[in-house]
Amino acid sequence: MRVGILTYHFPPEPAFVPGSLAEELAARGHEVRVLTGFPDYPGGQVYPGWRQRWRHRTHSERLTVRRVPRYSGGDGSPRARTANRLSFAGSVALAGRRYFRDLDALYVFQLPAVTFAATGLLRLLGRVPTVLHVQDVWSEEDAARTGESRGRASRLDAGLRRLYREAGMVVVGAPSMRELVLAGGAEPERVRTVLTWTDERLFRPAEAGPVARRLVRRDDRCVVMHAGTIGVRQGLETAVRAAAALGDRMDLVLVGSGSEERRVRGLAAELGADNVRFVERRSPADMPQLYAAADYQLVMQRDLPELRATVPGKLPAALSCAAPVVASTGGATAELVERSRAGLSCPPEDWAALADRFWLAAAIPPAARVDMGRRGRDAYLGQMSLRAGVDRIEDSLRRVTSDRVKN
């Protein structure tokens with residue numbers, strides 16, 4: 001097939017789903033054309049060594065990547081986000097019609113920033129068979145929390161609902177997200193669940209080296225590690241309060257940075273939580289050894305409607321590394337952890353419940369922790385792996401192409 005991929009983020013950004021999908025589809029013999037922007041995540045500034053320009057293409061045997069300019073403001077304000085989305089949509093409209101001519105199928109990696117670009121592109125391309133891979137369900141209420149105006153939020157919601165109606169297949173990352181997509185107007189027979197995979201070239205079982213051990217461990221007590229963004233959605237204040245309640249029974253190690261880091265550090269200092277330690281952001285290549293140096297990986301999500309249906313990328317990464325998990329979250333993530341018996345879970349934003357899980361995690365013998373990690377790894381390989389995910393998406397692309405031929 002001739003497959004087009006529209007995505008806002010693409011490697012060298014940490015966008016392993018569209019990146020690995022493009023590479024795998026090309027390796028399977030398909031002609032793949034990617035349309036994306038210049039890399040600027042997470043700082044909002046174009047990466048050093050890159051310069052935005054109009055005619056930028058890279059080629060391999062069956063994969064072509066076309067990058068188009070977009071506004072990169074970097075301040076994260078609602079106005080900057082709007083300028084970013086609209087500039088990307090305009091560039092996609094100018095480049096997409098010619099670049100994506102004669103496609104057999106189009107795959108859209110759907111984030112809020114892609115909504116306007118995707119709706120405009122589908123108008124230009126006409127009835128091209130489309131698979132819409134929804135990563136984040138964005139409602140007016142959710143947008144209001146991030147400072148979006150009612151008008152901008154309404155336009156985002158209307159655009160997403162239009163995409164649900166026009167796509168030949170809508171792919172979601174968790175069963176609970178399916179219900180949100182159906183509520184948005186998608187037809188049940190056209191919605192398919194594909195669990196999200198991780199970068200398997202990096203995230204696999206590893207042995208902890210001496211550097212990783214020095215960063216993560218101080219002694220033999222249980223270590224629960226959170227690796228990734230310290231932001232609003234994670235709600236790591238809950239984890240700090242839970243760890244502070246247990247004193248020297250366990251250590252909480254937070255690896256990474258983010259908008260809430262100062263607040264979280266301040267809370268740890270205020271509570272005198274000497275068992276809470278911070279490690280600066282590390283390279284993704286370092287993470288498997290850091291995972292191995294810890295006893296559990298912590299997956300945190302706040303109790304927000306839009307998060308109950310999503311599975312954070314940290315979960316498949318931890319499972320792929322055979323790391324047992326403590327999940328302070330609801331919905332899809334907790335269901336996956338419990339169903340696979342890969343760790344412990346509790347409701348989100350409940351520090352007392354999380355403290356109980358930390359206490360139990362520390363009490364579980366090391367051999368039983370290894371069994372948790374093994375079960376998580378088995379669940380990942382069977383349900384969430386790159387091969388399983390690409391198989392399902394490739395089949396979805398074939399189905400929408402076949403449906404067009406029949407019609």
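Nothing here was measured: the structure is a model prediction, and the numbers come from that model. Residue numbers count from 1 along this sequence. Basis for what follows: all heavy atoms, side chains included, without hydrogens, waters or symmetry-related copies.
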Answer yes or no: is there a side-chain heavy-atom contact under 4.5 Å between [X] and [Y]?
X    : Y    : value
Y380 : T198 : yes
S340 : R375 : no
V34  : R67  : no
R123 : R162 : yes
M169 : R399 : yes
L111 : R85  : no
L106 : F100 : yes
V224 : M250 : yes

For [X] and [Y], work out which heavy atoms get closest and say how close.
X    : Y    : result
G173 : V311 : O-CG2, 4.2 Å
P18  : H9   : CG-O, 3.7 Å
H59  : T64  : ND1-OG1, 3.3 Å
F10  : G19  : CE1-CA, 3.6 Å
S328 : M300 : CB-SD, 3.4 Å
Q301 : T333 : OE1-OG1, 3.4 Å

Check this for me: does any side-chain nitrogen of one of [X] and [Y] sit under 4.0 Å from a carboxylate oxygen of the other?
X    : Y    : value
R33  : D102 : yes
R204 : E200 : no
E23  : R201 : yes
D295 : R217 : yes

Considering residues, nucleotides and ligands other than [X], do more than 12 of their heavy atoms fall under 6.0 Å from its [atom1]?
X    : atom1 : result
R387 : CZ    : no
R263 : CZ    : no
R218 : CZ    : yes
R97  : CZ    : no
E189 : CD    : yes
R221 : CZ    : yes
R55  : CZ    : no

Full working for side-chain contact (heavy atoms from CB on, under 4.5 Å) between Q234 and V264:
CA-CA 11 Å; Q234 288 71 39; V264 174; over 6 Å; no

Worked verdict on D251 versus R277 for side-chain contact (heavy atoms from CB on, under 4.5 Å)
CA-CA 8 Å; D251 280 348; R277 293 181 287 116; 3.5 Å; yes

State whether the side chain of [X] and the backbone N or O of [Y] hold a donor-acceptor pair below 3.5 Å, judged by distance alone.
X    : Y    : answer
Q110 : L132 : no
Y47  : Y41  : yes
R178 : P188 : yes
S402 : R398 : no
S91  : F88  : no
T36  : T7   : yes
R190 : A167 : yes
R101 : R98  : yes
E261 : I230 : no
S320 : F203 : yes

Kindly compute the distance separating CZ (F109) from CD1 (I5), expressed to the nearest 0.5 Å.
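F109 atom CZ to I5 atom CD1 measures 10.5 Å (nearest 0.5 Å).
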
Pairwise distance OG(S72) to CD(Q45) - rounded to 0.5 angstrom:
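If I round to the nearest 0.5 Å, the distance is 7.0 Å.
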
Under 3.5 Å, sequence neighbours excluded: what are the donor-acceptor pairs made by side chains of residues 348-367?
| from | atom 1 | to | atom 2 | distance (Å) |
| --- | --- | --- | --- | --- |
| E349 | OE2 | D303 | N | 2.7 |
| D350 | OD1 | A352 | N | 3.3 |
| D350 | OD1 | A353 | N | 3.1 |

Going by atom types alone, do E394 and H30 pair a side-chain donor with an acceptor below 3.5 Å?
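Short answer, yes.
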
V299 and V337: side-chain contact (heavy atoms from CB on, under 4.5 Å), yes or no, with the steps?
CA-CA 10 Å; V299 179; V337 172; over 6 Å; no

Parallel, tilted or perpendicular, as decided by the 30° and 60° cut-offs, for the rings of W50 and H56
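Taking W50 first and then H56, their aromatic rings sit tilted (interplane angle of 30° to 60°).
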
